[in-house]
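One structure below.
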Amino acid sequence: ELDEKYPPRNLPENAIVNRVGPSPTGMMHIGGLYVALVNQRLAKQTNGVFFLRIEDTDTKRSIKEAYPTIINSLMDYGVTPDEGPVRAEDGSYIERGNYGPYVQTARKAIYHACAFDMLCRGVMYPCFMSETDLEQIREEQKAADIRTGIYGEWAKSRYLLFEEIEEKLKSGTPYVLRLRAPKMDTETISWEDKIRGILSLPHNVIDTVLIKSDGIPTYHFAHLVDDHFMRTTHIIRADEWISSVPLHLQLFSLMNWQPPQYTHVSAIQKLSETGGKRKLSKRHDPEADVQYYWEKGFPRQAVIE
Ligand code: GLU
């Protein structure tokens with residue numbers, strides 16, 4: 001049903017459909033505007049679609065005021081999304097496009113439908129471990145100087161019998177849904193990054209949480225489902241996400257979905273006090289905030305150039 005509701009887009013063959021997915025946790029980072037600009041230009045050059053998706057699955061960190069900040073920061077610099085939340089002429093905020101909703105917390109039913117499918121196929125499982133269990137495992141792993149996380153023998157809920165699961169559900173034990181990380185035949189996975197060329201990293205082996213105990217997906221799961229049903233062709237994002245690609249490709253393959261092309265751009269850096277280069281820090285560098293340039297009187301076109 002979802003595939004019918006969100007059919008492949010009717011666009012020229014090489015049209016790029018891409019997006020930005022900022023999280024509404026505070027200010028709009030200048031790096032976010034930069035990535036959005038790159039996306040918008042490529043979509044435009046290929047008669048594609050550039051959309052905005054608000055990635056607010058981290059409900060503890062999301063703040064209401066940040067939603068308009070994101071929309072205004074993009075639109076005031078001329079990086080207006082073709083689809084997603086936008087500011088209308090009367091100043092109100094509306095959503096446009098046929099592939100929405102474009103705010104992740106409004107897409108719960110879509111995520112749950114996909115999670116249900118994965119559960120039925122056994123590639124996802126309910127994990128009933130408590131915070132204390134997880135903490136204890138972390139301590140043990142640290143003491144043994146091995147990789148931390150839930151995998152292999154540490155993934156206790158992975159091997160529960162159906163009856164045991166049923167019993168725990170009946171007794172109301174809280175649970176998350178984890179990926180049953182598949183056994184892979186090779187050590188590493190290679191893919192072509194459209195800027196960096198062939199990259200290679202170890203396969204994901206962690207039983208990553210995909211749905212949290214409150215029913216909200218984690219970023220990884222939301223991105224998988226959204227970029228499939230929103231028919232994203234290219235994911236162009238900051239290079240801090242390169243290490244997540246093995247997990248993302250694994251998820252696409254478990255759903256039998258065609259993955260988008262992954263492309264990672266470098267972070268905007270500044271010359272550091274010691275002569276080297278470093279990433280702009282949200283906390284220490286006022287110029288990390290898009291608002292800073294406006295307040296200091298930099299013409300918008302100059303910032304975009
Ligand atoms: N929500 C992620 C962020 O805040 C988006 C990453 C992506 O584009 O896949 O950077």
Side-chain angles (χ1 to χ4, degrees), residues 16-43 48-63 65-67 69-71 73-74 79 81-85 99-107 111 191 193-196 199 201 204 208-212 216-252 255 257-269 279-283 288-290:
I16 290 181
V17 178
N18 59 23
R19 84 297 191 272
V20 277
S23 300
T25 51
M27 51 101 150
M28 178 80 183
H29 196 285
I30 187 75
L33 178 60
Y34 165 58
V35 170
L37 180 67
V38 173
N39 275 279
Q40 186 213 30
R41 291 287 158 101
L42 284 168
V49 176
F50 161 63
F51 67 86
L52 167 63
R53 182 169 70 222
I54 309 276
E55 303 208 329
D56 58 349
T57 55
D58 190 347
T59 45
K60 284 195 203 101
R61 289 181 58 230
S62 292
I63 52 171
E65 303 73 46
Y67 290 73
T69 303
I70 291 172
I71 301 165
S73 304
L74 294 176
V79 190
D82 301 314
E83 291 177 12
Y99 288 80
Y102 295 85
V103 176
Q104 286 183 327
T105 46
R107 299 175 59 80
Y111 303 127
W191 73 95
D193 184 288
K194 286 289 163 191
I195 291 178
R196 287 154 206 265
L199 298 181
L201 280 175
N204 169 61
T208 311
V209 175
L210 298 180
I211 303 275
K212 297 179 269 189
I216 295 185
T218 54
Y219 155 72
H220 303 295
F221 190 63
H223 135 68
L224 161 83
V225 172
D226 293 348
D227 283 320
H228 173 70
F229 288 116
M230 293 175 167
R231 307 293 171 180
T232 306
T233 63
H234 290 63
I235 292 183
I236 303 160
R237 61 185 175 189
D239 59 2
E240 63 191 330
W241 294 102
I242 290 180
S243 57
S244 301
V245 175
L247 169 64
H248 294 171
L249 288 173
Q250 193 174 61
L251 291 173
F252 272 96
M255 290 308 277
W257 288 341
Q258 168 82 25
Q261 302 273 4
Y262 285 94
T263 299
H264 293 87
V265 295
S266 302
I268 292 190
Q269 298 187 316
K279 278 192 183 176
L280 280 175
S281 142
K282 254 189 189 177
R283 235 177 302 152
D289 187 348
V290 169

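Both ligands and their constituent atoms are indexed starting at 1 by order of listing.
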Among residues at least two apart in sequence or on other chains, which ones pass side-chain contact (heavy atoms from CB on, under 4.5 Å) with Pro22?
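Pro22 satisfies side-chain contact (heavy atoms from CB on, under 4.5 Å) with Val20, Leu52, Ile70 once adjacent residues are dropped.
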
Got a sec, which residues hit salt bridge (Lys or Arg N to Asp or Glu O under 4.0 Å) with Arg107, two or more places apart in sequence or on another chain?
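Salt bridge (Lys or Arg N to Asp or Glu O under 4.0 Å) list for Arg107, sorted by chain: Asp226.
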
With sequence neighbours excluded, residues passing side-chain hydrogen bond (donor to acceptor under 3.5 Å, both in side chains) with Asp227
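Asp227 satisfies side-chain hydrogen bond (donor to acceptor under 3.5 Å, both in side chains) with Arg19, Arg53, His223, Thr232 only.
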
Can you see whether Tyr102 engages Glu83 through a side-chain donor-acceptor pair at a distance of less than 3.5 angstrom?
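Short answer, yes.
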
Option among Val79, Leu42, Val38, Leu37 that satisfies the side chain to side chain contact (heavy atoms under 4.5 Å, CB included) test with Phe50:
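Only one of Val79, Leu42, Val38, Leu37 forms a side chain to side chain contact (heavy atoms under 4.5 Å, CB included) with Phe50, namely Val79.
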
Would you check if the side chain of His29 reaches a backbone N or O of Gly31 as a donor-acceptor pair within less than 3.5 Å?
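Side chain of His29 to backbone of Gly31, a donor-acceptor pair under 3.5 Å: yes, one is there.
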
Protein residues near ligand 1, heavy-atom distance below 4.0 Å?
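Answer by chain and number: Arg19, Gly21, Ser23, Glu55, Tyr219, Arg237, Trp241.
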
